[in-house]
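See structure below.
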Amino acid sequence: MTDSLLDDLHTLRDWLRWGTSRFNEAKLFFGHGCDNAHDEAAWLVLHALHLPPDRLEPYLDARLTRHERLAVLELLQQRIARRVPAAYLTHEAWQAGLRFYVDERVLIPRSYFADLLVDGFAPWVDDPAAITSALDLCTGSGCLAILMAHAFPHARIDAADISKDALEVAQRNVTDYDLQKRVKLVPGDLFAGLGKRRYDFILSNPPYVTGAAMRALPPEYRHEPENALAAGEDGLDIVRRILAGAANHLKKNGLLAVEVGHNRAIVEAAFPALPLTWLDTPSGEGKLFLLRREDLAVR
């Protein structure tokens, strides 16, 4: 079959069509950077050919060498046979136009926060230059800490995670962006490694997948670290702990922003007394909430 494919499919257009058809036939799940078979096939084909990920048209009718055809076939077949997310096959994910290294030690970046950080978290942060200290809690690959370093040019960023494996990936990304002097990686369970440090801004994209959703996850998501997804039956195990400890690590008028995905109704039912401000982004509505230090019970 391999030899027949290599003989029948010659151009990039041929392989893009074949990959799209096979992805649809296999009923793959898309949710780690692309949302359809065509875009994901294009991403993988371009990656296999070492071509820019945003430049498809100029190359569509280019004929591939046999070596190139083998490389494309291998990558597309891995995506189908193993149901591995494309980001793990290419070891790259994109947020806010920036490339980040990823592997199966970390969740694949796809945070709603990226849209807001591009604009300095306006209008909730009046002056991004006035933010001098910020914390990325549950940093994973470090992508949001890096985006914060770009958004808040005068801030020192702490990036905390309980997973030493994740922090190794984050270190690679911090080094890639030459931010070692501004982004400090902190091992520990939530606030445990931070001592008495306080911040102008705390951001967190914690685990928040409910028990029911975990049991229904498509195969692609099962390649991601379970402890970066699962958060108890109602999805709020980590969120509760963040809300309990955040006030002790925020400066006066400091902001706490937390991503909870589709769990808005669950959060509102669990914390009816909190004056939650729900944030909308171009990629989703009501997936993030915002609180000020003064809104939280101070111990």
Side-chain angles (χ1 to χ4, degrees), residues 33 87 91-103 105-188 190-206 228 242 246 249-251 253-259 279 281-283 287-293:
H91 293 304
E92 65 180 17
W94 295 80
Q95 286 266 267
L98 299 182
R99 178 193 177 276
F100 299 99
Y101 173 85
V102 294
D103 60 34
R105 292 174 290 177
V106 294
L107 196 74
I108 296 168
R110 50 186 179 273
S111 175
Y112 297 100
F113 278 125
D115 295 325
L116 298 179
L117 289 170
V118 167
D119 295 322
F121 222 80
W124 298 278
V125 171
D126 295 328
D127 180 7
I131 301 292
T132 61
S133 59
L135 168 64
D136 176 16
L137 207 55
C138 307
T139 192
S141 64
C143 64
L144 292 179
I146 291 166
L147 291 177
M148 281 201 290
H150 285 84
F152 309 134
H154 301 306
R156 295 292 297 270
I157 314 293
D158 284 343
D161 205 289
I162 194 172
S163 169
K164 292 183 179 179
D165 285 342
L167 290 176
E168 289 178 2
V169 175
Q171 184 63 68
R172 176 168 179 167
N173 285 316
V174 168
T175 301
D176 284 347
Y177 283 97
D178 195 24
L179 287 169
Q180 302 94 312
K181 293 182 179 179
R182 292 189 54 212
V183 178
K184 179 182 179 182
L185 302 178
V186 182
L190 295 181
F191 302 104
L194 299 169
K196 296 182 178 180
R197 274 172 273 182
R198 290 182 180 267
Y199 305 91
D200 298 308
F201 186 88
I202 296 176
L203 173 152
S204 184
N205 180 14
I242 292 171
H249 293 277
L250 283 168
K251 296 179 184 178
N253 297 318
L255 294 174
L256 169 69
V258 181
E259 181 168 333
L279 312 182
T281 74
S283 55
K287 303 296 192 296
L288 318 164
F289 69 76
L290 186 71
L291 289 164
R292 294 192 178 275
R293 181 177 185 270

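For reference, positions follow the sequence shown, starting with 1. In what follows, every heavy atom counts, from backbone to side chain, and hydrogens, waters and symmetry copies are set aside.
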Minimum heavy-atom separation for [X] and [Y], please, with both atom names.
{"X": "A114", "Y": "L144", "answer": "N-CD2, 4.4 Å"}
{"X": "A134", "Y": "I131", "answer": "CB-CG2, 4.4 Å"}
{"X": "V102", "Y": "P109", "answer": "CG1-CD, 3.5 Å"}
{"X": "R99", "Y": "E92", "answer": "NE-OE1, 2.8 Å"}
{"X": "I202", "Y": "A246", "answer": "CD1-O, 4.2 Å"}
{"X": "A130", "Y": "D200", "answer": "O-OD2, 4.1 Å"}

In Å and rounded to the nearest 0.5 Å, what is the [atom1] to [atom2] distance from [X] to [Y]?
{"X": "E168", "Y": "S163", "atom1": "CD", "atom2": "OG", "value": "8.0 Å"}
{"X": "D178", "Y": "I146", "atom1": "CG", "atom2": "CD1", "value": "11.0 Å"}
{"X": "D103", "Y": "I108", "atom1": "CG", "atom2": "CD1", "value": "10.0 Å"}
{"X": "L135", "Y": "M148", "atom1": "CG", "atom2": "CE", "value": "6.5 Å"}
{"X": "L290", "Y": "L256", "atom1": "CG", "atom2": "CG", "value": "7.5 Å"}
{"X": "R198", "Y": "H249", "atom1": "CZ", "atom2": "NE2", "value": "7.5 Å"}

A side-chain contact here means heavy atoms from C-beta on lying under 4.5 Å apart; do [X] and [Y] qualify?
{"X": "Q180", "Y": "T175", "answer": "yes"}
{"X": "L288", "Y": "L116", "answer": "yes"}
{"X": "R197", "Y": "S133", "answer": "no"}
{"X": "V183", "Y": "Y177", "answer": "no"}
{"X": "H150", "Y": "L179", "answer": "yes"}
{"X": "C138", "Y": "L190", "answer": "yes"}

Under the 3.5 angstrom rule, does the side chain of [X] hit a backbone N or O of [Y] as a donor-acceptor pair?
{"X": "N173", "Y": "F100", "answer": "no"}
{"X": "E259", "Y": "Y112", "answer": "yes"}
{"X": "Q171", "Y": "L185", "answer": "no"}

**OP:** Describe, in one word, how the ring planes of F201 and F121 are oriented to each other, choosing from parallel (under 30°), tilted (30 to 60°) and perpendicular (over 60°).
**Re:** perpendicular

Subject >> More than 12 heavy atoms from other groups under 6.0 Å of CZ on R105 >> reply: yes

Subject >> Pair F113-L147, side chain to side chain contact (heavy atoms under 4.5 Å, CB included): steps then yes or no >> reply: CA-CA 9 Å; F113 278 125; L147 291 177; over 6 Å; no

**OP:** Verify whether one side chain among Y199 and D158 offers a donor that lies under 3.5 Å from an acceptor in the other.
**Re:** yes

**OP:** Test S111 against every option in N205, L117, T281 by the side chain to side chain contact (heavy atoms under 4.5 Å, CB included) rule and name the one that passes.
**Re:** N205

